[in-house]
Amino acid sequence: MNDILSELGWRDLVAQHTPELPEELAKGPVTLYCGFDPTAPSLHMGNLAQIVTMSRFQKLGHTPIALVGGATGLIGDPSGKNAERTLNTTDTVMEWVEGIRKQLEPFFDFSGSNACIMSNNYIWTHDMDVLTYLRDIGKHFSVNRMLDKESVSARLNGAGISYTEFSYQILQSLDFLELYRRHGCTLQIGGSDQWGNITAGTDLVRRVESAQVNGLTTPLVTKADGTKFGKTETGTVWLDPELTSPYEFYQFWINADDRDVQTLLRTFTFRTQEELAALELATAEKPQARDAQRALAHDVTTLVHGEHATAQAKAAAAALFGQGELRELDATTLDSAMREAPNAAVSLNGNAPTVSELLVACELVASNGAGRRAIAEGGVSVNNVKVTDENATVSIDDFLHGKWLVLRRGKRTFGGISLIK
RNA sequence: GGCAGAUUGCCCGAGCGGCCAAUGGGAGCGGACUGUAAAUCCGUCGCGAAAGCUACAGUGGUUCGAACCCACUAUCUGCCA
């Protein structure tokens, strides 16, 4: 049962792999890598799937290399893009590299015989001269084969592709070669959109080093309703708590569709097959309890943000979604819950603001008129008490712990108003 | 390059001189129902408490009065070269 392929197999996490991979893994632990390009200030859900996959390898004794793409991030991967990317400045990319490196660290074990290795492909590319690149690396690539890659051919039939992005697969292949030489890395993993880039790398290592190295891709996570995984109405769900708060992050998982929850559990958690079967049964028997979603949200939020932040997110959710218990909530929990929500600060200098004005202040509605309308529709509550009067105002006594006013619009949209003394 | 037509609110799309803040559909939002779901039904959907204000590509004009008529500009689409 400590066989990584059977582990990934039952979790449905293998899209494709090189035919020689099972044989290689049968010989014992390997060193593998996955690249993370700094295309944004933070990692996101797509990256998390790969991080978790790498972590599964490490837990079973393999050595992971987390490669930050300082160089490839400057070039831009054409995979899955139907138009040329806008190049980010070097300064921006370097800043993101650092942030992403820090973000990756907590997921891996840096001790023991199979300690995780952090690397950056900027190291072996930034001072490579053009002639070396063309003679030593470029010579091994057939343009005919490069054109056949899905990521390139899709663009040739569409918006076109620059020489810069066309060269991306060469850089990624070079990474595999360098990691093979430096660390004996013999496996690259990635999302299924990376298959072309990965096989380009295994080809290069075979030509240059006469060595068989392997690739494995995981399926793209898709959702039953057809919308893109990892996005909410407000945008991408990031791993950085500054960009996506732990509360929002927790809510993202809690709101998973019943139809998707098993896939997500298999992909993003370390729960066993037996545990997942039990949760599947629970979903079927009493879907309203949403035990599977709770387990998912708990596990993934803990993995990414830690125990403490998870407890806070849960407490906040329980308080906000619970009925009428807000006054019993302690100040610390309330405080953190409210910081998660859109909030605004007001001062009560004698004038009592109306509820609709406060709704506008924390951007729960677009205009005062919309706020009054929302109240008239019976969709607004203050501290979990429904507001019935369009002209209702609040007073100092309404602020919980003398500090926060909890506004709710509809069933699950919250906002906070803090009091400036 | 020449001729013809189009441009309406988040999207599609009616309106073609006063009764137009502008029919209808979709999306969104709220309510009922529910599981912080799906489906369904109901309501709502420019700003303003209101008077009123701002809007129908832009600018200017005709008119007591324009989304609607005219001119020019911009963009898009057909047809001819």
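It should be emphasised that the depicted structure is a prediction, and the values quoted were computed from it without experimental measurement.
At a cut-off of 3.5 angstrom, the base of B:G31 holds no donor-acceptor pair with the side chain of A:Glu377. Within 3.5 Å, no donor on the side chain of A:Gln293 pairs with an acceptor on the base of B:U36, nor the reverse.
When heavy atoms are screened at a 4.0 angstrom cut-off, A:Gln251 is found touching base atoms of the nucleic acid. Note on A:Asn368: only backbone sugar-phosphate atoms sit closer than 4.0 angstrom, heavy atoms only; bases stay farther off.
Taking the P atom of each, B:A22 and B:A51 are spaced 13 Å apart, rounded to whole Å. Rounded to whole Å, the C1' atom of B:C19 lies 15 Å from the corresponding atom of B:C68. Between B:A71 and B:A81, the two P atoms lie 27 Å apart (nearest whole Å). Between the P atoms of B:A66 and B:G2, the separation comes to 34 Å (whole Å). Going from the C1' atom of B:A57 to that of B:U75 covers 8 Å, rounded to whole Å. On the P atoms, B:C47 is 24 Å away from B:A32, given to the nearest whole Å. Across B:C69 and B:G25, the matching P atoms stand 27 Å from one another, rounded to whole Å. B:C33 and B:C11 have their P atoms separated by 35 Å, given to the nearest Å.
Phosphate contact (OP1/OP2 of B:G48, side-chain N/O of A:Ser367, threshold under 4.0 Å): present.
Nearest-nucleotide positions on RNA chain B for A:Gly378 and A:Arg372 put A:Gly378 closer to the 5' end. Place A:Val360 and A:Arg294 on RNA chain B by their nearest nucleotides, and A:Arg294 ends up nearer the 5' end.
Comment: A:Arg373 does not engage A:Glu377 in a salt bridge, judged by the lack of any side-chain N to carboxylate O separation of less than 4.0 angstrom.
Nearest to the side chain of A:Arg409, among B:G48, B:U36, B:C29, sits B:C29. The side chain of A:Thr413 approaches B:G30 more closely than any other nucleotide in the set B:G30, B:C33, B:C47. The side chain of A:Asp258 sits closest to B:G35 out of B:U34, B:G35, B:A37. Minimum atom distance to the side chain of A:Gln288 is reached by B:G35, of the listed B:G35, B:A49, B:C29.
Taking atom CD of residue A:Glu363 and atom C1' of nucleotide B:G28, one finds them 17 Å apart after rounding to whole Å. Between the CG atom of A:Asp291 and the P atom of B:G35 there is a distance of 14 Å, given to the nearest Å. Atoms CG (A:Asp260) and C1' (B:U36) sit 16 Å apart, rounded to a whole Å. Atom C1' of nucleotide B:G28 and atom CG of A:Leu364 are separated by 15 Å, given to the nearest angstrom. When the P atom of B:U44 is taken as reference, atom CG of A:Leu359 falls 20 Å away, rounded to whole Å. Between the CG atom of A:Asn391 and the C1' atom of B:G48 there is a distance of 14 Å, rounded to whole Å. As rounded to whole Å, 11 Å separates atom P of B:A49 from atom CD1 of A:Ile375. As rounded to whole Å, 12 Å separates atom P of B:G30 from atom CZ of A:Arg373.
Atom CD of A:Glu105 has more than 12 heavy atoms from other residues, nucleotides or ligands within 6.0 Å. Around CD of A:Gln288, the count of heavy atoms belonging to other residues, nucleotides or ligands within 6.0 Å exceeds 12.
In the model, A:Asp37 has no side-chain atom that pairs as donor or acceptor with a side-chain atom of A:Thr39 under 3.5 Å.
The partner of B:A67, taking Watson-Crick or G-U wobble pairs whose two distances both stay under 3.5 Å, does not exist in any strand shown. Under the Watson-Crick or G-U wobble criterion, with both distances below 3.5 Å, B:A39 has no partner in any strand shown. Here B:C76 sits opposite B:G5 as a Watson-Crick or G-U wobble pair (both hydrogen-bonding atom distances under 3.5 Å). As the counterpart of B:A49, no nucleotide is assigned, since no Watson-Crick or G-U wobble pattern has both distances under 3.5 Å. Shown here, B:C10 forms a base pair with B:G26; the pair counts as Watson-Crick or G-U wobble because both key distances fall under 3.5 Å.
The shortest distance between side-chain heavy atoms of A:Arg145 and A:Asp203 falls below 4.5 Å.
The aromatic ring centroids of A:Phe414 and A:Phe321 lie less than 6.0 Å from each other. In this structure, A:Phe268 has its ring center closer than 6.0 angstrom to the ring center of A:Phe229.
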